Engineer: 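What follows is a structure written as structure tokens; I'll ask about it next.
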Amino acid sequence: MSSVDMNMPILIVDDYKTMLRIIRNLLKQLGFNNVDEATDGSSALQKLRDKKYGLVISDWNMEPMSGLQLLKEVRADSRLNGLPFIMVTAESKSENVVAAKQAGVTNYIIKPFNAATLKTKLTASIGHF
């Protein structure tokens with residue numbers, strides 16, 4: 001039995017619209033339809049403070065606020081610090097993975113990825129569905 005609320009709001013953050021569309025479609029394939037989008041870290045942070053989300057999936061490389069800075073802001077906010085946060089990046093450098101882990105990332109996905117990879121990372125982050 002699924003322990004995950006498939007209607008929970010998910011916020012996806014990327015400054016590249018095509019990537020937002022790809023992630024939204026992958027989430028839809030997995031059964032998640034309650035998806036909001038933000039195109040930079042600042043607007044993502046505002047959305048997170050305005051509405052209760054169940055998960056954040058954020059790109060690393062964004063201007064002016066990077067995904068790593070967004071993650072640090074989320075972890076520093078007492079109302080948001082328990083929120084599952086998945087970082088998406090094209091960078092597989094170990095120092096980046098370490099920096100994200102130190103900042104409190106829940107999981108990490110290297111681009112490009114498919115629905116099966118996303119499902120594995122989601123299951124590890126929010127439970128089986």
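Because the structure is a prediction, the values reported are computed rather than measured. Throughout, numbering of the chain's residues begins at 1 and tracks the sequence.
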Engineer: In Å, rounded to the nearest 0.5 Å, how long is the span from CG of Asn107 to NZ of Lys121?
Structural biologist: 4.5 Å
Engineer: Specify the closest pair of heavy atoms between Ile12 and Arg24, including all atoms of both residues, with the distance to one decimal.
Structural biologist: CD1-N, 3.9 Å
Engineer: How long is the straight-line distance from CG of Asp59 back to CD1 of Ile23, given to the nearest 0.5 Å?
Structural biologist: 7.5 Å
Engineer: How about Asp14 and Thr39: do any of their side-chain heavy atoms sit closer than 4.5 Å?
Structural biologist: no
Engineer: Of all the heavy-atom pairs spanning Leu71 and Ala100, show the shortest one and how long it is.
Structural biologist: CD2-O, 3.7 Å
Engineer: As a quick check of understanding, evaluate side-chain contact (heavy atoms from CB on, under 4.5 Å) for Met6 and Phe32, giving each step before the final call.
Structural biologist: CA-CA 6 Å; Met6 301 303 285; Phe32 295 97; 3.8 Å; yes
Engineer: Salt bridge between Lys47 and Asp36, side-chain N to carboxylate O under 4.0 Å?
Structural biologist: no
Engineer: Can you confirm whether Gln29 sits close enough to Lys119 that some side-chain heavy atom of one is under 4.5 Å from a side-chain heavy atom of the other?
Structural biologist: no
Engineer: Would you mind reporting whether Pro9 and Lys51 have side-chain heavy atoms less than 4.5 Å apart?
Structural biologist: yes
Engineer: Provide the closest heavy-atom pair for Leu70 versus Ala44 in the form atom of the first, atom of the second, distance.
Structural biologist: CD2-CB, 3.9 Å
Engineer: Roughly how far, to the nearest 0.5 Å, is the CZ atom of Arg21 from the NZ atom of Lys28?
Structural biologist: 12.5 Å
Engineer: Check for me, please, whether Leu27 and Ile109 land in the same ILVMFWY cluster - side-chain distances under 4.5 Å, paths through other members count.
Structural biologist: yes
Engineer: Kindly determine whether Leu26 and Ile22 satisfy side-chain contact (heavy atoms from CB on, under 4.5 Å), including the steps that lead there.
Structural biologist: CA-CA 6 Å; Leu26 290 174; Ile22 290 169; 4.1 Å; yes
Engineer: Applying the side-chain contact (heavy atoms from CB on, under 4.5 Å) test to Leu48, which of Leu80, Val13, Asp77 qualifies?
Structural biologist: Leu80
Engineer: Hey, any chance Leu20 and Leu45 share a hydrophobic cluster, counting ILVMFWY side chains that come within less than 4.5 Å of each other, even indirectly?
Structural biologist: no
Engineer: Indicate the atoms forming the closest heavy-atom contact of Gly54 with Pro84, along with that distance.
Structural biologist: O-CD, 3.4 Å
Engineer: Look at the side-chain heavy atoms of Ile, Leu, Val, Met, Phe, Trp and Tyr, link any pair under 4.5 Å apart, and say whether Phe129 and Ile57 land in one connected group.
Structural biologist: yes
Engineer: Could you measure the distance from the OG1 atom of Thr106 to the CG atom of Leu55? Nearest 0.5 Å is fine.
Structural biologist: 8.0 Å
Engineer: What about Met65 and Ile86, same hydrophobic cluster or not, with Ile/Leu/Val/Met/Phe/Trp/Tyr joined at side-chain heavy-atom distances under 4.5 Å?
Structural biologist: no
Engineer: Hey, does Asp40 have a side-chain heavy atom less than 4.5 Å from the side chain of Ser43?
Structural biologist: yes
Engineer: Tell me, with the steps shown, if Trp60 and Asn96 meet side-chain contact (heavy atoms from CB on, under 4.5 Å).
Structural biologist: CA-CA 10 Å; Trp60 180 301; Asn96 284 13; 3.9 Å; yes
Engineer: Just how far is it from atom CG of Leu30 to atom CD1 of Ile10, taken to the nearest 0.5 Å?
Structural biologist: 9.0 Å
Engineer: Counting only heavy atoms not in Lys111 (residues, nucleotides, ligands), do more than 12 fall under 6.0 Å from its NZ?
Structural biologist: yes
Engineer: Is there a path of hydrophobic side-chain contacts, each under 4.5 Å between heavy atoms of I/L/V/M/F/W/Y residues, joining Leu83 to Val35?
Structural biologist: no
Engineer: Does any non-hydrogen side-chain atom of Val74 lie less than 4.5 Å from one of Asn81?
Structural biologist: no
Engineer: Please lay out, stage by stage, how Gln46 and Asp50 fare under the test side chain to side chain donor-acceptor pair (under 3.5 Å).
Structural biologist: CA-CA 6 Å; Gln46 193 57 53; Asp50 289 346; 3.2 Å; yes
Engineer: Report the distance from atom CE of Met62 to atom CG of Leu68, rounding to the nearest 0.5 Å.
Structural biologist: 10.0 Å
Engineer: For Glu37 and Lys17, what are the C-alpha separation, side-chain angles and deciding distance, and is it a side-chain contact (heavy atoms from CB on, under 4.5 Å)?
Structural biologist: CA-CA 9 Å; Glu37 300 175 353; Lys17 296 260 187 194; 5.7 Å; no
Engineer: Is a side-chain N or O of Asn34 found less than 3.5 angstrom from the main chain of Asn7, in a donor-acceptor match?
Structural biologist: yes
